[in-house]
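On a predicted model such as this, the values are computed, not experimentally measured, just so you know. Lettering of chains follows the sequences in order, A, B, ..., and the numbering in each one begins at 1.
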2 protein chains.
Amino acid sequence: MLFDAMRPSSKPGSATTARSTRRRAAPKGPPPPRRGKPSAGKDESRARVRLDVDERRAQLVELGLAEFGTRTYEEVSIDLIAQAAGISKGLLYHYFPTKRAYYVACVREAAARLLARMDVPPEVPPLERLQVGLDRYLEYVRGHGGAFATLMRSGAFADRELAAVVDETRATLLGRLTSGMADIFPAPGMLSSPLLPIALQGWVGLAEATSIAWVEACVASEKAPASAPAPRAADVRDLLAQALIALVHNALR
Amino acid sequence: MLFDAMRPSSKPGSATTARSTRRRAAPKGPPPPRRGKPSAGKDESRARVRLDVDERRAQLVELGLAEFGTRTYEEVSIDLIAQAAGISKGLLYHYFPTKRAYYVACVREAAARLLARMDVPPEVPPLERLQVGLDRYLEYVRGHGGAFATLMRSGAFADRELAAVVDETRATLLGRLTSGMADIFPAPGMLSSPLLPIALQGWVGLAEATSIAWVEACVASEKAPASAPAPRAADVRDLLAQALIALVHNALR
DNA sequence: GCGCCTATTGAACTCGAGTCAATGGGGCGG
DNA sequence: CCGCCCCATTGACTCGAGTTCAATAGGCGC
């Protein structure tokens with residue numbers, strides 16, 4: 001509702017309110033001539049631009065990243081996207097079967113970028129890998145601020161596919177951070193306690209909540225330098241790394 | 001879409017497809033006679049039942065708790081709610097200005113119940129209070145299964161008010177669990193490190209993710225007893241309690 | 001028993017998601 | 001170089017869920 005003001009502003013001249021009752025035109029009926037001036041008038045009239053499929057898709061996903069990062073899922077309307085992209089609403093449905101599918105594609109892209117940034121070369125030893133990975137993670141969250149929170153949480157449980165994408169991202173992320181760690185643990189029960197996977201999933205929740213709180217603190221201390229100073233990224237990273245070690249340690253008896 | 005089948009099934013007789021173009025009837029126009037048999041026919045015709053405001057509100061919130069706990073926010077339609085409650089759609093708007101407001105009211109109620117259950121008497125010493133509180137928490141999450149996850153996460157960032165309710169609930173919950181704990185810590189910097197609040201907020205995320213993963217494990221092991229057995233609630237509780245202690249310890253240098 | 005207050009109703013309205021037949025830009029075979 | 005076909009693109013349309021509102025009726029006070 002707050003964003004209604006920035007909607008396409010419904011051209012006052014055209015018949016927006018006139019609602020005709022007739023059904024869809026007959027399939028073979030004579031083509032009705034296009035209404036008024038086809039390309040005259042406003043500067044916003046854009047010639048039909050034909051793009052390659054991948055190009056167009058990439059453009060739309062990029063736009064979606066920006067829009068969904070700023071507003072909520074429901075606040076972003078298809079019309080808004082189409083207008084911002086300079087295309088018709090129908091074309092969006094040529095690339096994505098549904099609004100949710102479009103959203104899922106955007107989340108997928110965001111997740112892929114996050115994971116790409118966290119790709120630490122395999123020769124790095126486990127503990128350092130964890131630290132470097134966490135640094136990259138915090139860097140990303142810091143840089144993308146609210147977009148991260150919105151993308152990963154807003155409507156995360158709205159459908160199965162979305163939940164699957166988020167879960168998979170979390171699992172991959174965890175794998176990146178902990179690969180090779182099995183060696184450095186005392187391994188009494190060969191890392192097979194029923195508590196372990198639960199503790200690990202829990203730790204991901206810790207990482208997300210902590211990083212979001214940290215970014216909020218950063219923003220707050222920028223706005224009001226008098227308030228509590230935001231902790232340094234390295235401290236947050238150490239907190240998370242130590243918590244992971246402790247959590248695994250406790251989960252294995 | 002999966003739930004379309006259980007919608008009010010649009011009485012086939014009435015003119016659902018006829019779409020009139022005329023505007024709303026004139027304010028003082030002669031009252032058109034009510035359409036066909038006012039109370040005859042089907043057994044489902046229910047006399048107008050007049051309830052007290054608080055009663056009706058409570059009934060609707062109770063129903064909302066059940067519906068929103070089962071399906072997603074968008075999957076729950078106002079028509080569905082109205083039909084299930086045996087009232088007209090319009091009446092819902094007499095009690096809640098909007099669907100979101102209705103949802104917020106339901107989340108508020110769920111949060112209140114959770115917090116009520118976690119109310120441990122003040123004479124209980126801090127550490128035991130933490131343990132008992134966590135037990136109650138896990139009990140609640142276990143008992144309300146998906147409802148908890150859905151209510152606390154689905155569309156949690158959809159609007160400011162919802163986020164505020166969730167944040168406030170988390171803060172209160174944390175307060176319940178940690179009240180009196182300031183005494184038992186070495187308190188070098190008087191508990192005032194900029195990391196502390198962030199670590200605490202993070203821990204709440206840990207608690208939520210861990211408990212959700214635990215419930216999932218419980219459900220999975222019920223369905224397939226051959227798979228990994230779910231850990232006991234006490235173990236999860238200890239894991240969370242120890243994590244909280246360790247997190248606070250680390251945050252204070 | 002009358003009248004008012006208000007819970008309750010249902011139909012109309014809004015507006016955004018999703019559909020579809022028609023269009024036309026441009027690459028390619030002739 | 002021309003015309004033909006493919007497919008990206010369009011815009012009007014349908015459909016359905018949320019929201020509004022004037023009218024109705026239950027029951028309590030007087």
Side-chain angles (χ1 to χ4, degrees), chain A residues 1 4 7-8 10 14-35 38-39 45-57 74-82 85-102, chain B residues 1 4 7-8 10-11 14-35 38-39 45-57 74-82 85-103:
Chain A
M1 309 234 162
D4 278 6
R7 251 190 270 138
S10 59
S14 48
T16 311
T17 53
R19 195 164 265 267
S20 84
T21 310
R22 91 183 129 95
R23 304 234 127 216
R24 194 187 299 280
K28 280 303 159 198
R34 276 283 144 83
R35 240 164 351 303
S39 70
S45 79
R46 183 182 4 281
R48 197 180 267 212
V49 189
R50 197 189 179 93
L51 281 190
D52 185 62
V53 172
D54 293 331
E55 258 181 285
R56 183 67 84 188
R57 236 190 108 92
E74 1 194 46
E75 283 169 354
V76 175
S77 72
I78 294 289
D79 295 86
L80 186 67
I81 293 287
I87 62 171
S88 73
K89 191 163 56 160
L91 187 56
L92 231 159
Y93 285 91
H94 187 69
Y95 290 92
F96 307 97
T98 199
K99 185 186 175 186
R100 285 225 85 91
Y102 176 50
Chain B
M1 310 238 164
D4 276 7
R7 251 190 270 137
S10 59
K11 307 105 180 180
S14 46
T16 311
T17 53
R19 196 165 264 266
S20 83
T21 311
R22 91 183 129 97
R23 305 233 123 216
R24 193 185 301 279
K28 280 302 155 197
R34 276 283 144 81
R35 242 169 342 306
S39 69
S45 80
R46 182 184 6 280
R48 196 179 266 213
V49 190
R50 199 188 178 93
L51 281 190
D52 185 62
V53 172
D54 293 331
E55 259 180 284
R56 183 68 83 188
R57 235 188 108 94
E74 2 197 43
E75 282 168 355
V76 175
S77 72
I78 293 289
D79 294 85
L80 187 67
I81 293 288
I87 62 172
S88 73
K89 197 162 50 157
L91 189 55
L92 232 157
Y93 285 90
H94 188 69
Y95 290 92
F96 307 96
T98 201
K99 185 186 175 187
R100 286 223 85 89
Y102 176 50
Y103 182 69

> Within the structure shown, what part of the strands sits under 4.0 Å from A:Ile78 by heavy-atom distance: base, sugar-phosphate, or nothing?
Replying inline: sugar-phosphate
Is the phosphate of [N] approached by [X] (side-chain N or O, under 4.0 Å from OP1 or OP2)?
X       : N      : result
B:Tyr93 : D:dT20 : no
B:His94 : C:dT8  : no
B:Tyr95 : C:dT8  : yes
A:Arg56 : D:dT9  : yes
B:Thr98 : D:dG18 : no

> Mapping A:Leu92 and B:Lys99 onto DNA chain D by nearest heavy atom, which one lands closer to the 5' end?
Replying inline: A:Leu92
> In terms of the nearest nucleotide of DNA chain D, which residue is placed more toward the 5' end: B:Gly90 or A:Gly90?
Replying inline: A:Gly90
When the distance from [atom1] of [X] to [atom2] of [N] is rounded to whole Å, what number comes out?
X       : N      : atom1 : atom2 : answer
B:Leu51 : C:dC5  : CG    : C1'   : 17 Å
A:Ile81 : C:dG18 : CD1   : P     : 13 Å
A:Glu55 : D:dT9  : CD    : C1'   : 15 Å
B:Asp52 : C:dA7  : CG    : C1'   : 10 Å

Would you compute the distance between atom [atom1] of [X] and atom [atom2] of [Y] and round it to the nearest 0.5 angstrom?
X       : Y       : atom1 : atom2 : answer
B:Lys99 : B:Glu74 : NZ    : CD    : 7.5 Å
A:Ile81 : A:Phe96 : CD1   : CZ    : 10.0 Å
A:His94 : A:Leu91 : NE2   : CG    : 6.5 Å

Between [options], which nucleotide gets closest to the side-chain atoms of [X]?
X       : options               : result
B:Arg50 : D:dA8, C:dA7, C:dA17  : C:dA7
B:Ser77 : D:dT9, D:dA17, C:dG18 : D:dA17
A:Val53 : C:dG16, D:dT19, D:dA8 : D:dA8
A:Lys89 : C:dG18, C:dT8, D:dA8  : C:dG18

> Got B:Tyr103 and B:Val76 here, is their nearest side-chain heavy-atom distance under 4.5 Å?
Replying inline: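 With C-beta onward as the side chain, the pair stays apart.
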